[in-house]
Amino acid sequence: MTEQACRECHRIVEGLVCPICGSSSLSKDWAGYIVVIDPRGSEIAAKLGITLPGRYALKVR
Ligand SMILES: [Zn+2]
């Protein structure tokens, strides 16, 4: 199964709807991959607006 990334919050999503923001705007065309463990201690998480731990794509087209 191809994992998709949410276009709204960049979360890697395994279903049809993003569990974080509820968006169904998902893309298979994404690049980069980060695992956020502590969003408050991560500069990259702050840049992407990530507030929850999880897996995220850096770029979503
Ligand atoms: Zn989302």
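One-based numbering along the sequence shown. We count ligands from 1, going down the list as the structure has it; atoms in each ligand are counted the same way.
- Ile50 and Ile20 fall within the same hydrophobic cluster, where Ile, Leu, Val, Met, Phe, Trp and Tyr residues are linked whenever their side-chain heavy atoms come under 4.5 Å apart, directly or through other members.
- The Zn ion (ligand 1) lies at the vertex of an angle of 100° between the SG atom of Cys18 and the SG atom of Cys9 (rounded to 10°).
- Under the 4.5 Å side-chain heavy-atom criterion for Ile, Leu, Val, Met, Phe, Trp and Tyr, Tyr56 and Leu58 are members of the same hydrophobic cluster.
- Transitive grouping of hydrophobic side chains (ILVMFWY, heavy atoms separated by less than 4.5 Å) brings Val60 and Tyr33 into a common cluster.
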>> Between Glu3 and Lys28, does the salt bridge (Lys or Arg N to Asp or Glu O under 4.0 Å) criterion hold? Intermediate values first, please.
In response: CA-CA 7 Å; Glu3 289 183 313; Lys28 287 177 184 168; over 6 Å; no
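- Centred on the Zn ion (ligand 1), the SG atom of Cys6 and the SG atom of Cys21 lie at an angle of 100°, reported to 10°.
- With 2.8 Å as the limit, His10 does not count as an N, O or S neighbour of the Zn ion (ligand 1).
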